[in-house]
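Hydrogens, waters and symmetry mates are skipped; everything else that's a heavy atom, side chains included, is used. Letters go in sequence order (proteins before strands), and every chain restarts at 1.
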Amino acid sequence: MIKKKTCVAMLLAGGQGSRLYVLTTNVAKPAVPFGGKYRIIDFPLSNCINSGIDTVGVLTQYEPLQLNSYIGNGHAWDLDRMSGGVHILPPYMRHKSGEWYTGTANAIYQNIPFIEQYDPEYVLILSGDHIYRMDYTKMIAYHAEKNADCTISVINVSLEEASRFGIMNTTSDGVIYEFEEKPKEPKSTLASMGIYVFNWEKLRKYLEEDEANKESSNDFGKNIIPTMLANGEKMVAYEFEGYWKDVGTIDSLWDANMDMLAPNSGLNIDDPDWRIYTRNLALPPHYISPEGRSSHSMVAEGCEIEGCVEDSVLFGGVKVGRGAKVLYSVLMNGVEIEEGATVEFSIIAENTKVGKNATIGSDEEIGKITVLAANIEIGDGVTVNAGDMVAENIGGGQ
Amino acid sequence: MIKKKTCVAMLLAGGQGSRLYVLTTNVAKPAVPFGGKYRIIDFPLSNCINSGIDTVGVLTQYEPLQLNSYIGNGHAWDLDRMSGGVHILPPYMRHKSGEWYTGTANAIYQNIPFIEQYDPEYVLILSGDHIYRMDYTKMIAYHAEKNADCTISVINVSLEEASRFGIMNTTSDGVIYEFEEKPKEPKSTLASMGIYVFNWEKLRKYLEEDEANKESSNDFGKNIIPTMLANGEKMVAYEFEGYWKDVGTIDSLWDANMDMLAPNSGLNIDDPDWRIYTRNLALPPHYISPEGRSSHSMVAEGCEIEGCVEDSVLFGGVKVGRGAKVLYSVLMNGVEIEEGATVEFSIIAENTKVGKNATIGSDEEIGKITVLAANIEIGDGVTVNAGDMVAENIGGGQ
Amino acid sequence: MNDVMGLLFAYSDSKRMGQLSVPRTTSSIPFGGNYRALDFMLSNMVNAGCRDVGVVLREGYQSLLDHLGSGRDWDLSRKNGGLVLLPPFGYNPTMENRGYDASVKGKMSALINNLSYIRNTRKKYVILGEGRVILNIRLEPFIDEHIRSGADITMVSAAPLGESTRGIYVTTDESSRVTDINTYHSSPGQLESLGIYILERTALLDLIDYGIVNDMSYFERGVLRTLLPELHIHCKSHHGFVAKLQTIEGYFNSSMELLDRNVRRDLFNPDNPIYTRVRDFVATYYGDESDVTNSLVADGCHIEGKVENSILFRGVHIAPGAVVKNSIVMTNGKIGKNTFLNYIIADKLVTVTDDSMLVGSTRFPVVINKGHTV
Amino acid sequence: MNDVMGLLFAYSDSKRMGQLSVPRTTSSIPFGGNYRALDFMLSNMVNAGCRDVGVVLREGYQSLLDHLGSGRDWDLSRKNGGLVLLPPFGYNPTMENRGYDASVKGKMSALINNLSYIRNTRKKYVILGEGRVILNIRLEPFIDEHIRSGADITMVSAAPLGESTRGIYVTTDESSRVTDINTYHSSPGQLESLGIYILERTALLDLIDYGIVNDMSYFERGVLRTLLPELHIHCKSHHGFVAKLQTIEGYFNSSMELLDRNVRRDLFNPDNPIYTRVRDFVATYYGDESDVTNSLVADGCHIEGKVENSILFRGVHIAPGAVVKNSIVMTNGKIGKNTFLNYIIADKLVTVTDDSMLVGSTRFPVVINKGHTV
């Protein structure tokens, strides 16, 4: 019934993503919409199937329902396999007791039986909040070639940025001899991307030991990796070249969406040999009316544009009324901007309505992104200031 | 993406099933094997798809992994739907807190958002420990015709048995006016089968009120049904005719397996218009050697029979060596009975080995079923007494 | 409604669809930016609760096989039944059909060849439909009314579609019962059949049997017409948008109607969604200099030029300086720099090289063949 | 091994399979209680990591379409690629093939007709196989050795299978390199090709091109033989059970070999499982009076009589008093009361009425046609 797999991927879908504020009130971070058609989790899932990895465990304990119904049977990502496929793994009860995941390592520890079913050689640990396209098979081949116990994917960042990341200090042949979390004076610029390949036998041993250690916070970065390093296991850095962005904050999420519009950003999703898959909405083509305009923008299916859209990303079914202006903004599925409204430097979540002649955000304070939560209504003529986060309806009379 | 459904089924896969002892040490009760090819949960799932209900939530907090990997993408039951399908629903974390299911009603309460996605008219509540074939559409049609708020499926039991069940006292037109849990002096013989149809709007209201009541144990039988009755909601009994058996104990599980062999038991699974679906194991046909014999038995794929099998149910890949005897027993997948061994009135769980000339159970004390747990080895010549439950290896020297 | 099956006739012999029907059957012609013609009736059937749909193929069906696949994108991939492709060429002298003459034409022939499928799919009702008829229709109320009315057949009709010849026209009495059926030309007050019939499966089997016994070649003007005195055919009108693919000019005009907001609301009604094969294109990118007005644009396009009153299918590239007016560019078309297109239908995978100019007219839209470079 | 595709030739022209091949192509003949012939090579390919398998059909493929469905039971149902049914009749004069002569025979013709599939499936290696060759072979070590050896082609062979004529026989040197290829008759010391070839996809494209340019009709005795001086064909032997369906007698004898425990262990090796269409039958029921010895019995049977040295497919009913010896009863056969069968092959859905007696012989097993009542 269950076949042996060379590599099983475990995707840490993580917690609430509180730095995305109102965007994750009812949505787990990996399910946050991105780039006109996608949700963040589409990227690691698509990378998996494109890399030939067809067994993926998604570790989550926050709002698994939505993730569960989004992922469904996995067909959208071709992960509806008879053996393997994609499985949502919330914490579960064993015998008389159960416990929540206490850390990233504990989440994997609690799912050892899931992994053991497939008797894999390697386990690939991924996280659910990064936008990137990566062929994991190359990393696994590198891991095998180097005969490593653990391979950590790293990206070269600027020296200024380096102190914000976990930095890998390596010898000339890529072997990691030191790991520094957010070093004040970084010795290298190789930042961990939070993507690990482990020999499964080895990892299981460390997970079990870590679990037995009451002092441990059961985290990969804080406990497993340092312990393995200290024990002299062979840990190597695999340098990734290409676009990679953590979209865990409002600013970085907005930035990454804008990167969709910049040919030089390196974020090229339109590659027929490396499709990013997503759940389909069965919408018709979008329509631009005689008065409508769209430039330097991405527009998805089902939109109806009668106003002016510039430098923006419009998800499925967005409506922009006559005379309305949408500039440098991200409008998620089903957002409606009524006649004469202006939206600038904003992220508006799903199905929210902006009334006539309302003003959302402004271009006067660049970098201050305005955010409207999902399913709310902003009344006619209302002004929402740059940088505000709106979680509830605002009536037109206010 | 998600379509409205007329009826959503919620399957209470329940707890550990402790009255099945060693059979549920690592397996949730609904995943216990039954009838040569099936697991208990195959019955309600097959009933659902055969009744045209393609959206099923499986509520579980005990060993969801195995249930999850057993159900996979739902394809075996044709429940791998793009909209709907089968979903495992363990308890999950909301915002900062999460809680385990405190009772059957609480399990549904916690999954109100799951049900609301499909905006159903009716919700069908099922439990995961009964063997029966039932067309739920007839029950739902009856519910609609009677204009009921809640319809409870009942089965006519003998007066002696009645005090072991929840008994529905009804007026002549089937309206329930009283519900008695295990009455000492039953007024009727209509026993609840634990299958309910509710108008969803109504049920949701009662779930919410029940949740607000700190005194409640959040259980359908103890709280929701009595409260609805007390409030004068229209509750009707739908009388089911056919085979129905709770397989929550060793004895009833053994009985129900033996019913597979009795043409008059009413348990006819071999109906091409009402298939019971199960996960396929990709085994070849079974083989009976020149010395082998099988009579009044069910034998599944992959078995190799060189001994004598009578009045027994053999699951996939069972091996019975030369001179071995298997009588009135249930041997689950991959069990091996070596040469000369005798197995009588026993249930042997998956992949367990019985050594040469060993003796398991006896026919001297009828009704005393012997149980061997999964994945253990009983040494050559060992005797296991009638009624014993064996959870660990027994060496041949003992 | 689980007790209904669909039977979709996806062959057709419209030679007047010209170059568009060379690489495919009419039902497979791309329409409306995302779709193939038969997606509409197929989705209507699925939305009405059909879990079994037989699609009757004949010639040029390879493109339909690719498009439909296992039926999963319509949620019709089932262990048993679901989407079943019924090739008339799969005709075998099995016992059921033995002795029947399968050499008759059109719908009658298709029905006879698929007798065993119709016999073995044990649903109470059947909806017949045609892949080349494009409309969005919620069929559940029609089924309910059919059951209530007690009619033998419920037929869905519309005001005559104009351009067509060979339509099936019906005269009805004041109770909407069909009193006459004719073909080729309509008389005033007649309605045109949209090829959608709702009836009990056993009634369909009886009609097929009648056709076989009486050696009739045609379903509507043969079997139904002959039986009119005893057969209660209830005619119910559909008032929304309808396109019936028969000529290139008609195809072009029906496509352009989609630029009307009311037509889109009707045909793309989200309460009765139209499904199609999922292709996983990205959203469409509009460049700095793009200028698109009154156009319908599918996903995956990359637009740097000017587009007006046009329909762009998935993955179309419009280079800077290109001007595309009153045109239809199908999937993965590449329109080069400084080109000018007016009244053009570019089939799939067409490349228009830089600096080209191609002009047709409303009455004569010019078709560029699939895969061609001009 | 994700970088391998399979190409399975599921047509064949064995007229000597008699009545068994009337309702189906040879690759679709039921074998071994649960299977169709091509399940074996298809499973071998899937187990070797092929996620793309093209199945080349020609005539009588309706039963294969039913059997394979969307490919899901082999886990080959994919959004892109997966199991692809390649009908040679789907031949279109597309640009790739234009000017090529597709009127040549057999494997060469099948390859030419499916050039665009082979071109577009961007895997590095291809495994060619034949649906009528029944064996269980772990191909991954063969692929590994192919890559290590540097050979152009790795061919899987076995000792000549005896009964066959028209086999492809090869002579090899001491390094197992093929030095000669001939057909019809084998010389002492020669090996027979099992139709399994492993090579790079681009190498296959080159060979097809060579065949086209030189107007060759045959793949092995034409293209490969001609190129032998420059082509390094590495021959590797398979030592397990092999059946190649060519005659009814051979089919019968190969089937009966399955009653040998060692043959079953080899052919049904659980480390290389053979998949087939899932049919959801119950386990087999043995009645009080049943008496079954030395027989292979699939699921869903209901046995009240005596069965000896036989193979029963799924859903076979053996009534009380029936005696079935040395016979093969295919799916859903009904054997009536007090019947006596010896050396009989009953095709699917056969009914043997009460009190009948039917006797063939080892050299002449009697076939009862599909669906017949005798």
- Query: Can we say B:Asp129 and B:Lys29 salt-bridge, meaning some charged N sits less than 4.0 Å from an Asp/Glu carboxylate O?
  - Reply: yes

Can you give the donor-acceptor pairs under 3.5 Å from side chains of residues 333-344 of chain D to other protein atoms, not counting sequence neighbours?
unit_1: D:Thr339; atom_1: OG1; unit_2: D:Gly336; atom_2: O; d: 2.9
unit_1: D:Asn342; atom_1: OD1; unit_2: D:Asn326; atom_2: ND2; d: 2.8

- Message: With a 3.5 Å distance limit and no angle check, can you tell me whether B:Trp274 reaches the backbone of B:Asn50 through a side-chain donor-acceptor pair?
- Response: no

- Within the distance-only criterion (no hydrogens, no angle test), does the side chain of B:Trp244 pair as donor or acceptor with the backbone N or O of B:Tyr132 below 3.5 angstrom? no

- Query: Is it true that D:Asp299 and B:Lys37 make a salt bridge, defined as a side-chain N closer than 4.0 Å to a carboxylate O?
  - Reply: yes

- Check whether D:Arg277 gets within reach of chain B through its side chain, its backbone, both or neither, counting any heavy atom under 4.5 Å. neither

- Message: Less than 4.5 Å to any heavy atom of chain D: does that hold for the side chain of B:Asp42, its backbone, both, or neither?
- Response: neither

- Message: Checking the side chain of B:Ser312 only, and the main-chain atoms of B:Glu310 only, is there a donor and an acceptor separated by less than 3.5 Å?
- Response: yes

- Query: Do NZ/NE/NH1/NH2 and the carboxylate oxygens of D:Lys306 and D:Asp291 come within less than 4.0 Å?
  - Reply: yes

- Item | Spacing of CD1 belonging to B:Ile347 relative to CD1 belonging to B:Ile250, to within rounding of 0.5 Å | 5.0 Å

- Item | Point-to-point distance, once rounded to the nearest 0.5 Å, from CD1 of D:Ile274 to CZ of D:Phe268 | 8.0 Å

- Is it the backbone or the side chain of D:Leu267 that comes under 4.5 Å from a heavy atom of chain B, or both, or neither? neither

- Query: Which region of D:Leu296, side chain (C-beta onward) or backbone (N, CA, C, O), has a non-hydrogen atom less than 4.5 Å from a non-hydrogen atom of chain B, or is it both or neither?
  - Reply: both

- Note on the structure: When the 4.5 angstrom heavy-atom criterion is applied to B:Phe315 and chain D, the contacting part is neither

- Start with the C-alpha distance between B:Ile337 and B:Ile360, add both sets of side-chain angles, then the distance that settles side chain to side chain contact (heavy atoms under 4.5 Å, CB included), and finish with yes or no. CA-CA 10 Å; B:Ile337 309 298; B:Ile360 312 295; over 6 Å; no

- Item | Under 4.5 Å from a heavy atom of chain B, the part of D:Asn309 involved | neither

- Side-chain ion pair, B:Arg275 and B:Asp78, N-O less than 4.0 Å: no

- State the CG-CD1 distance between B:Asp271 and B:Ile276, to the nearest 0.5 angstrom. 8.5 Å

- Spacing of D:Met330 atom CE and D:Ile345 atom CD1 [to the nearest 0.5 Å]: 6.5 Å

- If you count heavy-atom pairs under 4.5 Å with chain B, which of D:Ser290, D:Cys301, D:Gly300 comes out on top? D:Ser290

- Message: Please classify the contact of B:Asp80 with chain D as side chain, backbone, both or neither, using a heavy-atom distance under 4.5 Å.
- Response: side chain

- Item | Spatial distance of atom CG (D:Leu139) from atom CD1 (D:Ile127) [nearest 0.5 Å] | 5.0 Å

- Note on the structure: Counting heavy-atom pairs under 4.5 angstrom with chain D, the leader among B:Pro284, B:Gly316, B:Ala76, B:Gly35 is B:Pro284

- Please list, in residue-number order, every residue in residues 312-322 of chain D that has a heavy atom less than 4.5 Å from any heavy atom of chain B; write 'none' if there are none. D:Arg314

- Take D:Val352 and D:Ile368 through the test side chain to side chain contact (heavy atoms under 4.5 Å, CB included) and record every step on the way to the result. CA-CA 9 Å; D:Val352 176; D:Ile368 309 175; 4.2 Å; yes

- Query: Taking only heavy atoms into account, what residues of residues 29-47 of chain D are found under 4.5 Å from chain B?
  - Reply: D:Gly32, D:Gly33, D:Asn34, D:Tyr35

- So which residues of residues 285-306 of chain B are in contact with chain D at a heavy-atom cut-off of under 4.5 Å? B:Pro285, B:His286, B:Tyr287, B:Ile288, B:Ser289, B:Pro290, B:Gly292, B:Arg293, B:Ser294, B:Ser295, B:His296, B:Ser297, B:Met298, B:Val299, B:Ala300, B:Glu301, B:Glu304, B:Glu306

- Message: Can you tell me which residue among D:Val55, D:Leu83, D:Leu68 is in a side-chain contact (heavy atoms from CB on, under 4.5 Å) with D:Leu76?
- Response: D:Leu83

- Give a yes or no answer on whether the side chain of B:Trp77 reaches the backbone of B:Ile71 with a donor-acceptor pair at less than 3.5 Å. no

